[in-house]
Amino acid sequence: KNNGKGEWTMWPNTNKNRKNHTATLINDRFLLIAGAWRIGHGNRSTEIIDTWQSNPQWHTGPPMLAERSNHSSILLNDGRLLLIGGEVLGRQAGTTECDISDQTLNAASPPLPYQTQLASIAPNPFFDRTTITLSVESQASCTLTIIDPLGRPLRILPFNAHAPGRYTVMWDGRNAFNERLPAGVYYLLLQSSGSTEIKPLHLLR
């Protein structure tokens with residue numbers, strides 16, 4: 001198309017107006033934008049979008065520790081994101097502060113052979129709760145963890161399979177402290193006998 005030069009396609013608008021920010025692609029999937037210049041000073045906000053989704057949407061990410069614009073964003077080999085320097089106030093007032101994220105989500109890796117697999121998650125998107133159905137092919141140790149887009153664990157869901165079959169687990173959109181999580185995309189991480197499977201959970205409020 002367009003004489004081999006491709007075409008532009010509209011994507012959803014970011015939640016906040018931004019300029020002088022950074023945009024970093026994580027694991028060839030998650031695009032994270034950080035910082036902005038607004039009304040004479042930098043900004044701490046971040047947003048994340050899952051580029052693999054057919055209908056991607058921007059979701060609020062964890063705020064940076066320092067206000068930033070015109071800063072540097074570097075994705076390290078271990079998956080963490082390093083933010084350095086930047087302008088925090090007018091008249092080019094810079095900062096020496098550095099932020100480094102936790103280990104980012106490695107959702108690009110294909111799942112390994114499993115003994116337990118996720119059969120379905122419904123409803124998804126959901127408001128207050130969703131039901132996770134698992135198919136257990138053989139008895140195996142299994143852990144279900146709710147994580148955020150940066151791979152940080154929020155809650156471990158209790159699950160114990162005593163025999164092959166289908167099992168259901170409910171998640172009510174709360175973290176390990178029984179606090180309601182804000183709307184956004186979270187991920188269900190299934191780890192079973194050396195295998196890993198990740199599925200997105202779309203929480204609405």
Side-chain angles (χ1 to χ4, degrees), residues 1-38 41-88 94-112 118 121 124-125 145-154 181-191 195-204:
K1 296 181 179 180
N2 194 21
N3 296 323
K5 297 180 181 179
E7 293 183 346
W8 291 101
T9 301
M10 288 292 294
W11 244 27
N13 294 337
T14 56
N15 295 323
K16 296 181 180 293
N17 297 330
R18 295 185 185 273
K19 71 173 184 177
N20 302 339
H21 55 280
T22 56
T24 307
L25 185 63
I26 300 172
N27 296 324
D28 295 322
R29 177 170 182 174
F30 299 101
L31 183 62
L32 185 146
I33 56 177
W37 182 254
R38 291 209 299 269
H41 60 85
N43 190 268
R44 298 174 58 227
S45 67
T46 66
E47 295 183 46
I48 302 171
I49 195 169
D50 185 349
T51 65
W52 288 10
Q53 296 297 311
S54 58
N55 184 28
Q57 298 293 324
W58 290 100
H59 298 278
T60 301
M64 298 179 293
L65 300 180
E67 294 183 339
R68 298 181 191 276
S69 70
N70 284 316
H71 54 283
S72 296
S73 174
I74 303 170
L75 185 62
L76 304 179
N77 289 336
D78 63 3
R80 292 182 296 169
L81 188 64
L82 176 63
L83 304 174
I84 303 175
E87 190 175 0
V88 295
T95 179
T96 60
E97 293 190 48
C98 298
D99 291 354
I100 189 166
S101 72
D102 293 333
Q103 182 75 21
T104 51
L105 177 62
N106 185 17
S109 300
L112 301 172
L118 295 172
I121 302 173
N124 192 21
T145 308
I146 303 297
I147 59 179
D148 68 11
L150 294 179
R152 296 175 296 193
L154 300 174
L181 293 171
V185 177
Y186 300 91
Y187 292 85
L188 178 67
L189 173 63
L190 166 65
Q191 295 172 301
S195 68
T196 302
E197 193 172 3
I198 299 173
K199 295 291 185 182
L201 299 165
H202 300 270
L203 175 60
L204 307 175

Legend entry - All side chain to side chain contact (heavy atoms under 4.5 Å, CB included) counterparts of Ala23, not counting sequence neighbours: Leu31, Ile33

Legend entry - Gap between atom CG of Leu65 and atom CG of Leu83 - 0.5 Å precision: 9.0 Å

Inset, instruction - Using the test side chain to side chain donor-acceptor pair (under 3.5 Å), find all partners of His21 that sit at least two apart in sequence or belong to another chain. - result: none

Legend entry - Validation row: Leu32, Ser73 side chains within 4.5 angstrom (heavy atoms): no

Legend entry - Leu75 versus Thr24, closest heavy-atom pair with distance: CB-CG2, 4.2 Å

Legend entry - Residues which pass side chain to side chain contact (heavy atoms under 4.5 Å, CB included) with Pro63, listed by chain and number, not counting sequence neighbours: Arg44

Legend entry - Pro200 backbone acceptor or donor facing Asn124 side chain under 3.5 Å: yes

Inset, instruction - Rounded to the nearest 0.5 Å, what's the gap from CG on Leu181 to CG on Leu201? Could you check? - result: 11.0 Å

Legend entry - Nearest-0.5 Å distance that lies between atom CG in Leu190 and atom OG1 in Thr145: 9.0 Å

Legend entry - Spatial distance of atom CZ (Arg68) from atom OG1 (Thr46) [nearest 0.5 Å]: 12.0 Å

Legend entry - With sequence neighbours excluded, residues passing side chain to side chain contact (heavy atoms under 4.5 Å, CB included) with Pro182: Tyr186

Legend entry - Trp37 side chain vs Asn70 backbone, donor-acceptor pair below 3.5 Å: no

Inset, instruction - Go through the structure and list residues passing side chain to side chain contact (heavy atoms under 4.5 Å, CB included) with Asn43, not counting sequence neighbours. - result: Ala36, Arg38, Ser45

Legend entry - Inter-residue atom distance Ile198.CD1 - Leu189.CG, 0.5 Å rounding: 5.5 Å

Legend entry - Closest non-hydrogen atom pair, Ala34 against Met64: CB-SD, 3.9 Å

Legend entry - Shortest non-hydrogen contact from Pro56 toward Pro12: O-CG, 3.1 Å

Legend entry - Partners passing side chain to side chain donor-acceptor pair (under 3.5 Å) against Asn15 (at least two apart in sequence or in another chain): Glu47

Inset, instruction - Output the distance between atom NE2 (His59) and atom CG (Asp148), rounded to the nearest 0.5 Å. - result: 12.5 Å

Legend entry - Tyr187 vs Asp50 side-chain heavy atoms within contact, under 4.5 Å: yes

